[in-house]
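A short write-up of the structure that comes next.
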Number of protein chains: 2
Amino acid sequence: MADTPDAEPSIEEQIAAYQREFQDLDPQVEQIVSALGRLNRRMNVAYNRQTAALDLTNAEWEVLKALVLSGAPYRLGPGELARRLGLTPAAMTHRIDRMVAEGLVTRDRDEANRVRVIVEITPEGREKWLDAMRLASVFEEELLQDLDGGERNKLGEVLTRLLRRVEDAQPDAEGRLADLD
Amino acid sequence: MADTPDAEPSIEEQIAAYQREFQDLDPQVEQIVSALGRLNRRMNVAYNRQTAALDLTNAEWEVLKALVLSGAPYRLGPGELARRLGLTPAAMTHRIDRMVAEGLVTRDRDEANRVRVIVEITPEGREKWLDAMRLASVFEEELLQDLDGGERNKLGEVLTRLLRRVEDAQPDAEGRLADLD
DNA sequence: GCTTCGAAGTTTAGCTCTGAAGTCTTACGA
DNA sequence: TCGTAAGACTTCAGAGCTAAACTTCGAAGC
């Protein structure tokens, strides 16, 4: 038994290892959970590459996404952005600093209420977001191409049901993780 | 239009916003992708809370998991661990430093080949992993309790199919992200 | 046997995030 | 109208990561 160049166990190997080390586990449940987690990681790698090709970081893409999806006039405060992206206001301050320097957004004091700050997307930022969306939508369609209409429908419905259950179970946890929708 | 306390748009609102801002998008595809991403985030928050309750970080849990799943004698080198967890060798060095200090693993030079280092789980580390697994398996079973056997079967199969497609499409990307299986 | 190359880990510099403390503005009550 | 409190954002210190330089050991060639 020399050195095996095993980079990462396959999903099947991993399930088998779980069975070996922890019998109280339903293999079917573990199959779903493992595949879900790993699929998500792989997709994030793909998104990362796509945004990088546009000279964009995933962090910046998230901010642009939140601004666009907020609707016209495409403005939000740092605090509101931080809540939507699931990070602290401090982190938001730094992200905005960088994005202002790159011309993706502007930051101004709200003259009507000088405590507030307004972050607004620039035309350049909007264009970048569109480019990223075009790449993402192609990738997503390719990803799902093996699923027929009925399967897609069912998958969307089941995932939404699971999501609802998790959200009901955790009113609003203290844990914070990056946004990745 | 005063201040709305909107913390995070619902999945349905988000799909609607996508339709409004980017018509080239299949709502069904977006439903799947958004629900997938958000579900994963929520699950990670739950795992985070569970491991924190055991005085463990998610990072430490990942290392313990890799060691246990590698099978007896539950040893791996730092480089191998880094590959399996999807992070750099440098990060692995630091993680192991902390975990050795906490008594979760041991680190020794391989006397047969003094370039190599052997990281091995301690009985305390193994016990912690078991505690974490018990919590996780209860949570996972609760999460899926609304799905009947047929649905679980189908979901596992479909997710595995998607995973295979992503892995085939990206031989071995340069992007690195945290492991979260 | 010495030298050179390559592989495995560690160290260093720099970045981004969190949590806590600090600043500034507005709102409210005496 | 003045002082105090509350809210929004920023600043600061510290944790954990990446990329790249560095160190050490073992293997191959001359």
Side-chain angles (χ1 to χ4, degrees), chain A residues 2-5 7 41 44-45 48 51-52 56-63 75-102 105-119 173-180, chain B residues 2-5 7 41 44-45 48 51-52 56-63 75-102 105-119 173-180:
Chain A
D3 50 325
T4 41
R41 266 195 300 144
N44 287 337
V45 171
N48 261 320
T51 51
L56 212 59
T57 67
N58 258 11
E60 292 166 342
W61 186 37
E62 287 172 18
V63 175
R75 294 180 197 159
L76 290 173
E80 184 57 33
L81 279 169
R83 269 189 298 279
R84 297 199 185 199
L85 270 56
L87 37 82
T88 61
M92 208 58 236
T93 294
H94 299 317
R95 275 201 195 180
I96 295 169
D97 288 346
R98 286 171 253 147
M99 294 180 71
V100 167
E102 295 178 64
V105 300
T106 58
R107 166 162 48 189
D108 294 293
R109 285 218 162 266
D110 182 349
E111 287 306 325
N113 181 344
R114 299 185 45 74
V115 173
R116 290 172 181 281
V117 167
I118 296 175
V119 177
E174 76 285 351
R176 339 201 107 246
L177 271 102
D179 184 87
L180 293 166
Chain B
D3 50 325
T4 41
R41 266 195 301 142
N44 286 337
V45 170
N48 261 319
T51 50
L56 213 62
T57 66
N58 258 12
E60 292 166 341
W61 186 37
E62 286 171 19
V63 176
R75 296 181 196 158
L76 290 172
E80 184 57 34
L81 279 169
R83 269 189 299 279
R84 297 199 184 198
L85 270 54
L87 38 81
T88 61
M92 208 58 236
T93 294
H94 298 317
R95 276 200 194 181
I96 294 170
D97 287 347
R98 285 172 252 145
M99 293 180 71
V100 167
E102 295 178 65
V105 300
T106 58
R107 167 163 44 189
D108 293 293
R109 285 219 162 267
D110 182 350
E111 287 307 325
N113 180 343
R114 299 187 46 73
V115 173
R116 290 174 182 279
V117 168
I118 296 176
V119 177
E174 76 284 351
R176 335 200 110 247
L177 270 102
D179 183 87
L180 294 164

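Heavy-atom basis, side chains included; hydrogens, waters and symmetry copies ignored. Residue numbers begin at 1 in each chain, while the letters A, B, ... track the order of the sequences.
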Can you pull every protein N or O that's under 3.5 Å from an N or O on nucleotides 20-27 of chain D?
{"unit_1": "D:dG26", "atom_1": "OP1", "unit_2": "B:R114", "atom_2": "N", "d": "3.0"}

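- A:P78 is listed as a side-chain neighbour of A:V119, based on a closest heavy-atom distance under 4.5 Å.
- Heavy-atom distances to DNA chain D give each of A:I118 and A:H94 a nearest nucleotide, and the one nearer the 5′ end belongs to A:I118.
- Taking atom CZ of residue A:R95 and atom P of nucleotide D:dT11, one finds them 18 Å apart after rounding to whole Å.
- Here A:D108 pairs with nothing under the salt bridge (Lys or Arg N to Asp or Glu O under 4.0 Å) rule; sequence neighbours left out.
- Rounded to whole Å, the distance from CD on A:E80 to P on D:dC9 is 9 Å.
- At least one side-chain heavy atom of B:V105 sits less than 4.5 Å from a side-chain heavy atom of B:V100.
- In this structure, A:E60 places its CD atom 15 Å from C1' of C:dC17, rounding to the nearest Å.
- With rounding to whole Å, B:M92 atom CE is found 13 Å from D:dG16 atom C1'.
- Atom-to-atom, CG of B:L76 to P of C:dG9 comes out at 10 Å; the value is rounded to the nearest Å.
- With sequence neighbours excluded, no residue forms a salt bridge (Lys or Arg N to Asp or Glu O under 4.0 Å) with A:R109.
- Residue A:L85 contributes atom CG, which lies 15 Å from atom P of C:dT16 at whole-angstrom precision.
- For the pair A:A59 and B:P78, nearest-nucleotide mapping onto DNA chain C gives the more 5' position to B:P78.
- You'll find that the side chain of A:T93 is closest to D:dT10, out of D:dT10, C:dC17, C:dT18.
- One finds no side-chain N or O of A:R116 lying less than 4.0 angstrom from the OP1 or OP2 phosphate oxygen of C:dC24.
- An OP1 or OP2 oxygen of C:dG9 is reached within less than 4.0 angstrom by no side-chain nitrogen or oxygen of B:R107.
- Residue B:R98 places at least one side-chain N or O under 4.0 Å from the OP1 or OP2 atom of D:dG16.
- With rounding to whole Å, B:M99 atom CE is found 14 Å from D:dG16 atom C1'.
- For A:A59, the side chain to side chain contact (heavy atoms under 4.5 Å, CB included) partners are A:T57, A:R95, not counting sequence neighbours.
- Distance, A:D97 CG to D:dC9 P: 14 Å, rounded to whole Å.
- Residues meeting the side chain to side chain contact (heavy atoms under 4.5 Å, CB included) test with A:V115, sequence neighbours left out: A:N113.
- With sequence neighbours excluded, no residue forms a side chain to side chain donor-acceptor pair (under 3.5 Å) with A:R98.
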